[in-house]
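Every value quoted in this text rests on a predicted model; they were computed, and no experiment measured them. Naming: A, B, ... by sequence-line order, numbering from 1 per chain.
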Number of protein chains: 2
Amino acid sequence: MAARPAHTSASQIPTMADVAQLAGVSHQTVSRVLNDQPNVRAETRARILDAIRELGYRPNSAARQLVTKRSQTLGVVSFDTTLYGPASMLYGIEQAARDADYFISIVSLRAMNRGSVLEAVDRLRDQAVEGVVVIAPQTSAAGVLAQAAAGVPLVGAGCGPAEQVPMVAIDQREGAAMATRHLLDLGHRTVHHVAGPVGWLDASGRAEGWRAELERAGRPVPPPLRGDWSARSGYAAGRALAADPDVTAIFCANDHMALGLLRAFHEAGRQVPAEVSVVGFDDIPESSYFTPPLSTVRQDFSELGRRSLELLIGRLEHPAPPPAEHVLITPDLIVRASARPPA
Amino acid sequence: MAARPAHTSASQIPTMADVAQLAGVSHQTVSRVLNDQPNVRAETRARILDAIRELGYRPNSAARQLVTKRSQTLGVVSFDTTLYGPASMLYGIEQAARDADYFISIVSLRAMNRGSVLEAVDRLRDQAVEGVVVIAPQTSAAGVLAQAAAGVPLVGAGCGPAEQVPMVAIDQREGAAMATRHLLDLGHRTVHHVAGPVGWLDASGRAEGWRAELERAGRPVPPPLRGDWSARSGYAAGRALAADPDVTAIFCANDHMALGLLRAFHEAGRQVPAEVSVVGFDDIPESSYFTPPLSTVRQDFSELGRRSLELLIGRLEHPAPPPAEHVLITPDLIVRASARPPA
DNA sequence: GGGACGATTGTTAGCGCTAACATCTCGGGC
DNA sequence: GCCCGAGATGTTAGCGCTAACAATCGTCCC
């Protein structure tokens, strides 16, 4: 009723001692209630709970952390949370963390290089995180992970292979092979590829899967074009490819580039899918509304995030020796209107 | 040289006392060096720095926090970090926080309702954040902010108006008016509108700006269609609008819906921009590669994030009384190919 | 030449909490 | 009737750090 109950201490915010005094017990009993320990009489517990409510008491996390040496916080290092993939992974991570009762602290990378990753992990360590998830899909990150993992439990999400570091990734090669095979099965003689930028694992994985599938089928392997994931670069690749009458099927390393490519073909007057078939990768929410709706390979980023956090928490609870566990998730082919048998 | 220097304490990780002993000073002098306090001889400082490096010492943040009562951490509550807007804001916030030497802890909202926001802020408070940024563009969040702000400094980013709570937002009405005016200036008699979902501030702001501009110009105000931000819903709206031969200009409340709408018009054989002009909102990276490239209104989400964090930090340093400061950022009209004078 | 003063360093006392141990209470067994 | 043990609660001692105050040192001034 009154504005604010008076506390013992002069300080504004109530401490455990204030609660104890109000409930007429020792602070230790309050602590027991807060930590769900047995051997507290039900009536005492209720009295303490009342006192907590009345005072609006909140445990001081720093004090608890100081003595338990646990921060209940996990760190996430991510490259560019604006991109669809990382953003979705982060979302999955956050959900999983909350379910497991951990807080999430994020640091994004300024630049993609070894020092930057190390610095980010360091920053997180200064904050006493119990473990770290690194979302860094560049090849350059692969080497540095093992180094960063010294000193703090760490898992990679969609990162490059590193023996020492546990990780979860989507099987890019298999996804690319599925896309390529789909086009081949439709009857195309071969499949052209618009690859992602050098230095990205996803880019090289997809290019490898595409190439391997072509070779397995004994088809010619045309030189891949290279984009930078953006629609702009897909558009540029599309202009080049549209000028080549031999091109009948194209596998784009991501949906954004496919969008730009679609636009270039439209401008060039080459019909998709009547004359040329296109398959993308990622299955961004918009891709079913492209013109035409894009066949693509769906990656479940959110699950990737969730799984990597689960892996981290598993490691936290049961530290395991190397070699570290690697989880591979298989993506799904989504068939829409942008690919059909050649004319 | 040797694997790991022995510490005084049996514990594995070195404390300030270990550093002090190695450097031959008291722990307080080490503390002074760590906190950049004056009155430490240069030579002593160097010796301490060496000892820190040799031991690989890291200050214990919990201990510091316990005594200084500052966590150096700011919280971010966000609705769906997978969406382009919130993801970009988060990015801006993270950058600004790092520059100001704060950590960022995130919590995302499960559902959009009062309780959910309160719970998220509470969770952050349990973690002793010094302040909170809320990214919640729903009208339902507006009311709850004032309540959540009791107990912790809080600012809204792109949130609804709340007298008591400082906030930064983009001028949706003005952006929508710009888009509408652009279409009117092109010579269209009136402008149709595909609005965002009920309950979203951005949706109602844009609808209001559109309506106001139409009324200002003395034009008829056609009933707006309503989407849910997705390309799917834009497609549905597009099908309806494409059937109406009177429609010559459309303002879509976001680019994703514009994408779906473009697709519907394409399927219906109604040419954009030859027969119908379209303007979107957001300027997502892909919109310049739509078919046709989309004229739209650019919102600088990243700056919005940055500014809101700056506002929060300002409040932290100089607590101000209500009424709280409200910052409005004006968006920019981006003219591309999707709008032209009527035939 | 003695004491004051500023620069430098050390000492002490918590911050609010949990872990470990001490104490107290009560009921049952012999 | 007394002792034992389990359940309930209290007491004590830090966790690693910073703030406040105390001590030391050299130096400068009259």
Side-chain angles (χ1 to χ4, degrees), chain A residues 7-49 51-52 55-73 125-130, chain B residues 7-49 51-52 55-73 125-130:
Chain A
H7 306 134
T8 318
S9 56
S11 152
Q12 200 57 235
I13 65 170
T15 86
M16 193 176 267
D18 296 319
V19 174
Q21 195 191 34
L22 182 60
V25 296
S26 78
H27 64 124
Q28 182 59 289
T29 302
V30 177
S31 171
R32 279 193 262 261
V33 169
L34 254 22
N35 294 294
D36 278 322
Q37 287 179 25
N39 299 344
V40 175
R41 213 167 3 134
E43 186 229 337
T44 308
R45 182 183 303 271
R47 196 148 31 91
I48 289 171
L49 258 18
I52 287 174
L55 293 177
Y57 168 75
R58 288 172 181 269
N60 180 315
S61 63
R64 168 178 292 176
Q65 185 177 334
L66 181 57
V67 59
T68 61
K69 287 159 177 5
R70 301 208 43 201
S71 65
Q72 302 268 77
T73 301
R125 286 230 276 156
D126 284 342
Q127 207 194 357
V129 296
E130 292 181 35
Chain B
H7 307 135
T8 320
S9 57
S11 153
Q12 202 56 238
I13 63 170
T15 85
M16 194 176 268
D18 297 317
V19 173
Q21 197 191 33
L22 182 60
V25 296
S26 78
H27 65 123
Q28 180 59 282
T29 303
V30 176
S31 170
R32 279 193 263 261
V33 169
L34 253 23
N35 294 294
D36 279 321
Q37 286 178 27
N39 300 342
V40 175
R41 215 169 359 138
E43 187 227 338
T44 308
R45 181 183 303 269
R47 197 145 35 88
I48 290 171
L49 257 17
I52 287 174
L55 294 177
Y57 167 76
R58 287 174 181 270
N60 180 316
S61 62
R64 168 178 292 177
Q65 186 177 334
L66 182 55
V67 58
T68 61
K69 291 165 175 1
R70 301 211 39 204
S71 64
Q72 302 268 79
T73 300
R125 286 228 276 156
D126 284 341
Q127 205 193 359
V129 297
E130 294 181 33

Counting just side-chain N and O atoms, does R41(B) come under 4.0 Å of either OP1 or OP2 of dA7(C)?
no
Any side-chain N or O of T29(B) below 4.0 angstrom from OP1/OP2 of dG10(C)?
yes
Whole Å only: how far is the CZ atom of R45(B) from the C1' atom of dT8(C)?
12 Å
On a heavy-atom basis, the closest approach of S61(B) and D126(A) is CB-O, 3.6 Å
R64(B) versus N35(B): any side-chain heavy-atom pair under 4.5 Å?
yes
Rounded to whole angstroms, how far apart are CD1 on I13(A) and P on dC15(C)?
12 Å
Heavy-atom side-chain proximity of Y57(B) to L34(B) below 4.5 angstrom
yes
R47(B) has an atom CZ; how far is it from atom P of dT8(C), in whole Å?
14 Å
Rounded to whole Å, the NZ-P distance (K69(B) to dC17(D)) equals 17 Å
Contact summary for L66(A) and K69(A), nearest pair of heavy atoms:
O-NZ, 3.9 Å
Atom CD of Q72(B) and atom C1' of dC17(D): how far apart are they, to the nearest Å?
14 Å
Euclidean distance, atom CD1 of residue I52(B) to atom P of dC17(D) [Å, nearest integer]:
10 Å
Checking side-chain contact (heavy atoms from CB on, under 4.5 Å) against R47(B), which of V25(B), L22(B), T29(B) comes through?
V25(B)
Please work out if P59(A) contacts a base, only the sugar-phosphate, or nothing of the nucleic acid, heavy-atom cut-off 4.0 Å.
sugar-phosphate
Quick one: E43(B) CD to dT9(C) C1', roughly how many Å, whole number?
13 Å
Closest-nucleotide ordering on DNA chain D, the 5'-leading residue of L66(A) and V40(A):
V40(A)
List the atom of M16(A), the atom of H27(A), and the distance in Å for their closest heavy-atom pair.
SD-O, 3.5 Å
So how far off straight is the helix from dG1(C)-dC30(D) to dC30(C)-dG1(D), going by the axes through five pairs at either end, to 10°?
60°
Considering all heavy atoms, the nearest L55(A)-P14(A) contact:
O-CG, 3.6 Å
Check nucleotides 18-20 of chain D against the protein and report each pair of N or O atoms closer than 3.5 Å, with its distance, or say if there are none.
from: dT18(D); atom 1: OP1; to: N35(B); atom 2: ND2; distance (Å): 3.0
from: dT18(D); atom 1: OP1; to: R64(B); atom 2: NE; distance (Å): 3.1
from: dT18(D); atom 1: OP1; to: R64(B); atom 2: NH2; distance (Å): 3.1
from: dT18(D); atom 1: OP2; to: S31(B); atom 2: OG; distance (Å): 2.6
from: dA19(D); atom 1: N7; to: Q28(B); atom 2: NE2; distance (Å): 2.8
from: dA19(D); atom 1: N6; to: Q28(B); atom 2: NE2; distance (Å): 2.5
from: dA20(D); atom 1: N6; to: Q28(B); atom 2: NE2; distance (Å): 3.0

Please confirm whether the backbone N or O of S71(B) pairs with a side-chain atom of E130(B), one donor and one acceptor, at under 3.5 Å?
yes
Think N39(B) has a side-chain N or O under 4.0 angstrom from the OP1 or OP2 of dT8(C)?
yes
Pairs under 3.5 angstrom only: tabulate donor-acceptor contacts from the side chains of residues 37-46 of chain B to other protein residues two or more places apart or in another chain.
from: R41(B); atom 1: NH1; to: E43(B); atom 2: OE1; distance (Å): 3.4
from: R45(B); atom 1: NH2; to: Q37(B); atom 2: O; distance (Å): 3.3

Would you say T15(B) reaches dG16(D)'s phosphate, i.e. side-chain N/O to OP1/OP2 under 4.0 Å?
no
